[in-house]
2 protein chains.
Amino acid sequence: MTAQVGTRLRSDARDNRERILAVARLAFATEGLDVPIREIARRSGVGAATVYRHFETKEALLAEAFAEQMTACSAVVEEGLAAADPWLGFRLVVERLMEMHALDRGFARVFTSQVSQSVFAADRDRTLRMLLDLVRRAKEAGPLRRDFVLEDLVLALMANDGIRAESPEIRAAASRRFAALMIQSFMADPVPAPLPPAVRLPLTRG
Amino acid sequence: MTAQVGTRLRSDARDNRERILAVARLAFATEGLDVPIREIARRSGVGAATVYRHFETKEALLAEAFAEQMTACSAVVEEGLAAADPWLGFRLVVERLMEMHALDRGFARVFTSQVSQSVFAADRDRTLRMLLDLVRRAKEAGPLRRDFVLEDLVLALMANDGIRAESPEIRAAASRRFAALMIQSFMADPVPAPLPPAVRLPLTRG
DNA sequence: AGTCAAACGGACGGGGTGTTCCGTTACGTT
DNA sequence: AACGTAACGGAACACCCCGTCCGTTTGACT
């Protein structure tokens, strides 16, 4: 059973727990969700059993590892809601969410995972529902196209997750340009705006 | 070693080879690249060794299975090049490529795979290079934004691959809407156009 | 220092995958 | 019909994964 948060842990246990979480966050962010538990244990300097003593299953570890990312998403949405101009707030949310997802492969994946039973679905849906108000206001204010639906943002986020690159830096750059393009497409009366720099993907050198 | 194409195969061998290819194409298209070779062998009614006798490695099987999809891509681009209006041609290419990728998870994945050594990279790059002319003409004609680069299409295709859904139908519908959005964002002087219907993704029911 | 339960980690079982070995089958030719 | 070989397929190999068991270590408290 997962150790209770309220329960006093032995000092070594508490240290191990936090070290495992830190290692897991980094590993999942940079390498994706399929990093083996054993590998996380190895990098944490513990045995595999110790990881399982602290986290019932791999999904439990994922849930805890991404908890702060999840709340960071909520924070971004709240920031967007607080903006004076709803369209600016909406843009900010799109840009920030996509950047977060670009910098954390693992989180991006679980955020858009389709499994409704997932531990993340509830939090994600709450975050997205908060956005509904911002969307409504951005439509009323004019700049957001009327036929935009929340699912379009989900679509854009899933699409953003599809962007792969050799390094987090390149992926972030590609994601920035992608976000700018998507925002263009969400505008009711688009005024062409300059885009972030294009990225050089490992394709035709021509 | 993979059986030579020119070499006369025994009738049963030839039958098996084509059955394996057909099964592999369907499996990779509907279930993705990680369908086990064993499973493909089982569905083909042969042993695993028989698959390996016809295809040196799994990647070789992938290459051959997606060969016709690869040429279909070239055909789409040529169709686009042949269009009288380069912008219409460009739109057609984007829409058709994205639809193809939405209907074939496996092909989508290998087409945008970053491994330059990949057997697909050469064909893909040749196809993309053909597009350069269409892009240039679409820019000169006016509708395509001047700061568009070919990498943006690759970006869009990778993004399209990120769209996941429960069924191929839903994925295709989502992809259609996504393609329309991307095309909007590629326009130099966007005139808001109606979008294909929104998709109901398994998220907030609100 | 002594004690004891909490915490640990190496080894294990069960399952999966790509690929190969080798004894068996069956096609095609005489 | 007989025969040689191309082709076959089940079993095996090597590797990796998740999750658990159990004998050993170690922190905390007296």
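In what follows, chains carry the letters A, B, and so on, assigned in the order in which the sequence lines appear, proteins first and then strands, with residues in each chain numbered from 1.
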Using side-chain heavy atoms (C-beta onward) and a distance below 4.5 Å, is A/Thr30 in contact with A/Arg105? no
Could you tell me the separation between the CZ atom of A/Arg42 and the P atom of C/dA11, rounded to a whole number of Å? 16 Å
Per the side chain to side chain contact (heavy atoms under 4.5 Å, CB included) rule, which among A/Ile20, A/Val23, A/Ile40, A/Asp15 passes with A/Val46? A/Ile20
Quick one: which protein N/O atoms are closer than 3.5 Å to N/O atoms of nucleotides 12-18 of chain D? Pair and distance per line, please.
{"from": "D/dA12", "atom 1": "N6", "to": "B/Arg38", "atom 2": "NH2", "distance (Å)": "2.6"}
{"from": "D/dC18", "atom 1": "OP1", "to": "A/Lys58", "atom 2": "NZ", "distance (Å)": "2.9"}
{"from": "D/dC18", "atom 1": "OP2", "to": "A/Ile37", "atom 2": "N", "distance (Å)": "3.1"}

Would you please classify the geometry between the A/Phe66 ring and the A/Phe28 ring as parallel, tilted or perpendicular, with 30° and 60° separating the classes? tilted
When you compare the protein's N or O atoms with those of nucleotides 5-8 of chain C, which come within less than 3.5 Å of each other, and at what distance?
{"from": "C/dA6", "atom 1": "N3", "to": "A/Arg10", "atom 2": "NH1", "distance (Å)": "2.5"}
{"from": "C/dA7", "atom 1": "OP1", "to": "A/Arg10", "atom 2": "N", "distance (Å)": "3.2"}
{"from": "C/dC8", "atom 1": "OP1", "to": "A/Asn16", "atom 2": "ND2", "distance (Å)": "2.3"}
{"from": "C/dC8", "atom 1": "OP2", "to": "A/His54", "atom 2": "NE2", "distance (Å)": "3.4"}

Derivation and outcome, side-chain contact (heavy atoms from CB on, under 4.5 Å), residues B/Val110 and B/Leu33: CA-CA 9 Å; B/Val110 299; B/Leu33 299 182; 3.6 Å; yes
Could you tell me if B/Arg164 and A/Thr112 have a donor-acceptor pair between their side chains, going purely by distance under 3.5 Å? yes
Tell me the interatomic distance from B/Glu59, atom CD, to C/dT19, atom C1', rounded to whole angstroms. 15 Å
Decide side-chain contact (heavy atoms from CB on, under 4.5 Å) for B/Leu62 and B/Phe120; before the verdict, give the C-alpha distance in whole Å, the side-chain angles of both, and the deciding distance to 0.1 Å. CA-CA 10 Å; B/Leu62 289 173; B/Phe120 311 100; 4.0 Å; yes
Distance-only side-chain donor-acceptor flag, A/Thr50 / A/Asn16, under 3.5 Å: no
CZ (A/Arg109) with more than 12 external heavy atoms under 6.0 Å: no
